[in-house]
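Contents: one structure, followed by commentary.
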Protein chains: 2
Amino acid sequence: MSKSRSAAQTRILAAALDLFAAHGVSGTSLQMIADAVGVTKAAVYRQFKTKDEIVIAVTEMQLARLEDALEAAEAEPNRTRARELLLNRVVDMAVEQRRMVSVLQFDPVIIQFLAGHKTFQRFIDRLLRAFFGDNTGTDSLVQTAMLSGAISGAVIHPLVANLDDETLRSHLLLVIRRLINLPD
Amino acid sequence: MSKSRSAAQTRILAAALDLFAAHGVSGTSLQMIADAVGVTKAAVYRQFKTKDEIVIAVTEMQLARLEDALEAAEAEPNRTRARELLLNRVVDMAVEQRRMVSVLQFDPVIIQFLAGHKTFQRFIDRLLRAFFGDNTGTDSLVQTAMLSGAISGAVIHPLVANLDDETLRSHLLLVIRRLINLPD
DNA sequence: GTCTATAGAATGATAGAC
DNA sequence: GTCTATCATTCTATAGAC
C-alpha cells in the first residue's frame with residue numbers, strides 16, 4: 001500500500017489533503033493546490049499526470065497509516081486483543097486527523113475511488129476481517145457500521161470541536177467499549 | 001423554516017438533492033440539475049437566482065422535515081419522552097433517506113451554510129436543547145456527537161447498504177438505546 | 001523542477017424572444 | 001415558464017523554454 005514519494009510529491013499531497021478536507025475533492029482545483037504549495041499548475045502536473053492521480057495518492061497515503069496496526073492485528077491470535085489493537089489505532093488516527101476524516105469517509109469522489117479500485121477494496125476487507133473475523137450476521141454488520149460511523153461522525157461533529165485530543169480520545173474509547181462490549 | 005414552493009421549484013429541489021447526494025454539492029453543476037429536470041439552465045435560473053439559493057433551499061427543505069417532531073418534543077414536559085420522540089423521528093428520517101444523509105451532514109458546502117446562516121444555527125440549537133436540555137458537560141457533548149455521528153455514519157456505511165429499512169431501523173434503535181441508557 | 005502561455009471544455013450567470 | 005444564444009471566468013491539461 002505505502003509508496004515512496006519525492007519531497008515535491010509529498011508537499012503536493014499534504015496541501016491537497018488539507019484543501020480536500022476544507023472544500024471537498026470537487027471543490028478543490030489544481031490551481032488551489034498549486035497556490036498552496038507555492039508553485040504553478042504545470043509544476044504540479046509534472047508530479048501527477050491528472051487530478052485523479054492526486055486523489056488516489058492522497059487516499060493511499062492515509063490508508064497506509066493503518067497498515068502496521070493491521071498487520072499486527074492479523075498476527076495476533078487472540079481476537080479480543082486484535083480488536084483492541086486496531087480500535088486504538090483507528091481512534092488515535094481519527095482524533096488526530098479530525099479535519100481529514102470526513103473527506104476520506106464521506107466525500108463522493110473518494111467513495112467512488114474506494115469502491116472502484118481493487119487495491120482499496122482488499123485493504124478495507126482486511127480491516128473488517130481483522131476486527132470481526134468471519135462473523136457476517138446482521139448484528140455484526142450493523143454494529144460495525146455503527147462503530148465505524150460513530151467514530152468518524154463523532155470526531156467531525158462541531159460539538160466536540162473545542163475538546164483537546166486527549167479528552168476526546170478517552171471519552172470516545174469509553175463509549176465505544178460500552179457499544180461493543182469490550183472489557184473496560 | 002418550511003416555505004411554500006411552486007411545482008417547478010419542487011421538481012428542481014428534488015433533482016438537486018438527488019444529485020448532491022451522488023456527487024456532492026461542488027460536484028453538481030446547474031447543467032446536471034437542468035438535465036435531470038428536463039429543462040435548460042435558463043429555466044432553472046428563473047426559479048432560483050443562484051446555485052447557492054438552491055443549496056440553501058434544499059437544506060431548508062430537509063431540516064423542515066424535523067420541525068413537527070421538534071415542536072412536539074419541546075411541548076413534552078417529560079424529558080425522557082421528549083428524547084424518545086425526537087430520536088425515533090431522526091432515526092426514521094436517516095434510514096429512509098440514507099443516500100442524502102452524507103450530503104446534509106458532511107458536505108463542506110452545506111456545512112458552511114449551516115454555520116453561516118442564523119436561521120439554521122437556531123434550528124440546530126433547538127434540536128440539541130430538546131434532546132439534552134441544558135446539560136453541556138463534556139460527557140453530554142461527546143455522547144451527543146457520537147449519537148448524531150453514529151446514526152449518520154451507520155446508515156451511510158456500505159456494510160448496511162443491502163439491509164432493508166425496517167431491519168436497519170430496529171437494529172439501530174437497539175444499539176442506540178444501549179448507547180444512551182434509554183430503557184428498552 | 002519550474003516557468004509562461006495556451007488550448008479546449010465546462011462553469012455560473014444573463015439578455016431577450018416566444 | 002421555457003427557450004436559444006452568449007459572456008466572462010474557471011477548469012483540467014499540455015507544449016515548450018529555462
Side-chain angles (χ1 to χ4, degrees), chain A residues 3-61 103 107-114 116-117, chain B residues 3-61 103 107-114 116-117:
Chain A
K3 301 228 172 110
S4 65
R5 305 276 182 198
S6 72
Q9 287 177 326
T10 306
R11 261 178 298 144
I12 290 171
L13 294 183
L17 176 58
D18 213 64
L19 288 163
F20 289 169
H23 308 105
V25 175
S26 291
T28 302
S29 69
L30 265 114
Q31 187 63 248
M32 294 163 76
I33 296 176
D35 289 348
V37 177
V39 295
T40 59
K41 271 189 298 176
V44 175
Y45 273 111
R46 182 112 279 252
Q47 306 298 331
F48 298 95
K49 278 202 280 277
T50 63
K51 186 184 174 183
D52 281 0
E53 263 191 31
I54 298 181
V55 177
I56 292 174
V58 164
T59 310
E60 265 174 0
M61 183 178 73
V103 203
D107 190 290
V109 179
I110 305 260
I111 290 176
Q112 279 185 18
F113 277 121
L114 286 176
H117 282 64
Chain B
K3 300 227 171 110
S4 65
R5 304 277 184 197
S6 72
Q9 287 177 327
T10 306
R11 261 177 298 143
I12 290 169
L13 294 183
L17 176 57
D18 214 64
L19 289 163
F20 289 168
H23 309 103
V25 174
S26 290
T28 302
S29 70
L30 265 114
Q31 188 62 249
M32 292 163 77
I33 297 176
D35 288 348
V37 177
V39 295
T40 60
K41 270 193 296 178
V44 175
Y45 273 111
R46 183 113 281 249
Q47 306 297 330
F48 298 95
K49 278 203 279 276
T50 63
K51 186 185 174 182
D52 282 0
E53 264 191 30
I54 298 181
V55 177
I56 293 174
V58 163
T59 311
E60 266 174 358
M61 183 178 72
V103 203
D107 189 290
V109 179
I110 304 260
I111 288 175
Q112 279 185 17
F113 277 121
L114 286 175
H117 281 65

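Here is the naming used below: chain letters follow the sequence lines, and residue numbers restart at 1 for every chain.
Minimum atom distance to the side chain of A:Gln31 is reached by D:dC11, of the listed C:dG12, C:dG1, D:dC11.
B:Ile54 CD1 to B:Gln9 CD: the interatomic distance, rounded to the nearest 0.5 Å, is 10.0 Å.
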For nucleotides 13-15 of chain C, print each protein N/O atom paired with a nucleotide N/O atom at under 3.5 Å, atom names and distance only.
{"unit_1": "C:dA13", "atom_1": "OP2", "unit_2": "B:Tyr45", "atom_2": "OH", "d": "3.1"}
{"unit_1": "C:dA13", "atom_1": "OP2", "unit_2": "B:Lys51", "atom_2": "N", "d": "2.9"}
{"unit_1": "C:dA13", "atom_1": "N6", "unit_2": "B:Lys41", "atom_2": "NZ", "d": "3.0"}

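A heavy atom closer than 4.0 Å to some atom of DNA chain C occurs in no member of residues 8-23 of chain B.
More than 12 heavy-atom neighbours from other residues, nucleotides or ligands sit within 6.0 angstrom of CZ on A:Arg5.
Side-chain contact between B:Ser26 and A:His23 is absent, with no heavy atoms from C-beta onward closer than 4.5 Å. For the pair B:Phe48/B:Ile12, a side-chain contact is recorded, criterion being any heavy-atom separation below 4.5 Å from C-beta on. Residues A:Lys51 and A:Val25 form a side-chain contact, since some pair of their non-hydrogen atoms from C-beta on lies under 4.5 Å apart. Between A:Val103 and A:Val58, the closest side-chain pair of non-hydrogen atoms is not below 4.5 Å.
Across all strands, A:Thr40 comes closer than 4.0 Å to base atoms (heavy-atom distances). No contact: B:Ser26 has no heavy atom under 4.0 Å from any strand.
Between the CG atom of B:Asp35 and the C1' atom of C:dA10 there is a distance of 13 Å, rounded to whole Å.
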